[in-house]
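None of the values given here were measured: they were computed from a predicted structure.
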Amino acid sequence: MSNDEDEVIVGYLIQREYEEEEFDFWDPENEWQDDPNEAKLYETEEEAERDAKALQSEDASMEISVAVVIEDDEEDEDEDEE
């Protein structure tokens with residue numbers, strides 16, 4: 001795994017690419033959303049992968065994948081350096 005040691009994974013999103021570099025994000029209650037903040041944040045990669053596979057089987061015309069959500073920790077960058 002080549003993640004930076006300071007990166008903290010906060011969850012996983014299910015996304016689908018509908019155009020090159022254009023994504024929608026999955027929320028079970030509201031379906032596909034263009035804002036990732038309105039999507040369901042999965043706690044485990046396994047749960048997200050399971051739902052992504054189910055969605056992919058329903059719509060094989062779209063590329064559906066799981067995206068890792070990393071904690072945005074820009075403000076605390078200087079504190080961690082010693």
Side-chain angles (χ1 to χ4, degrees):
M1 195 175 209
S2 62
N3 283 352
D4 182 24
E5 62 185 44
D6 294 333
E7 291 180 340
V8 176
I9 296 174
V10 294
Y12 303 87
L13 293 175
I14 296 176
Q15 64 185 17
R16 71 175 178 184
E17 187 171 9
Y18 60 90
E19 287 183 23
E20 191 170 329
E21 299 298 316
E22 297 289 330
F23 296 93
D24 282 337
F25 302 90
W26 178 252
D27 178 67
E29 292 180 16
N30 299 309
E31 298 192 359
W32 294 106
Q33 305 293 313
D34 60 359
D35 183 351
N37 294 318
E38 294 178 12
K40 177 179 179 179
L41 184 66
Y42 289 84
E43 292 181 19
T44 67
E45 187 175 14
E46 292 79 18
E47 182 185 11
E49 288 285 350
R50 185 185 65 236
D51 283 4
K53 285 180 183 176
L55 291 165
Q56 184 72 59
S57 69
E58 291 175 13
D59 186 0
S61 67
M62 295 281 185
E63 180 65 34
I64 297 174
S65 60
V66 174
V68 177
V69 180
I70 304 292
E71 181 177 62
D72 183 11
D73 200 19
E74 289 179 22
E75 298 171 352
D76 299 329
E77 228 173 72
D78 294 333
E79 293 177 13
D80 293 340
E81 294 177 6
E82 289 185 19

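To the nearest 0.5 Å, atoms CZ (Phe25) and CG (Asn37) are separated by 9.0 Å. Here the CD1-CD distance, from Ile64 to Glu49, works out to 11.5 Å after rounding to the nearest 0.5 Å.
In this structure, Gln56 contributes its side chain and Met62 its backbone to a donor-acceptor pair below 3.5 Å. Of the possible donor and acceptor atoms, one in the side chain of Glu17 sits under 3.5 Å from a partner among the backbone N and O of Glu21.
Minimum interatomic distance between Asp27 and Gln33 (heavy atoms only, all atoms of both residues): CB-CG, 4.3 Å. The two atoms that bring Pro36 and Leu13 nearest to each other are CB-CD1, 3.9 Å, heavy atoms only.
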- Item | Worked check of side-chain contact (heavy atoms from CB on, under 4.5 Å) between Tyr12 and Asp51 | CA-CA 11 Å; Tyr12 303 87; Asp51 283 4; over 6 Å; no

- Query: Under the salt bridge (charged side-chain N to carboxylate O under 4.0 Å, His left out) criterion, do Arg16 and Glu22 qualify, and how do the steps go?
  - Reply: CA-CA 8 Å; Arg16 71 175 178 184; Glu22 297 289 330; over 6 Å; no

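The side-chain heavy atoms of Trp32 and Ile14, taken from C-beta on, include a pair separated by under 4.5 Å. The shortest side-chain heavy-atom distance between Val69 and Leu41 falls under the 4.5 Å cut-off.
There is a path of hydrophobic side-chain contacts, each under 4.5 Å, that joins Val68 to Leu55.
The pair Lys40-Glu47 counts as a salt bridge, with a side-chain nitrogen and a carboxylate oxygen less than 4.0 angstrom apart.
With no hydrogens or angles considered, no side-chain donor-acceptor pair links Asp24 and Tyr18 at under 3.5 Å.
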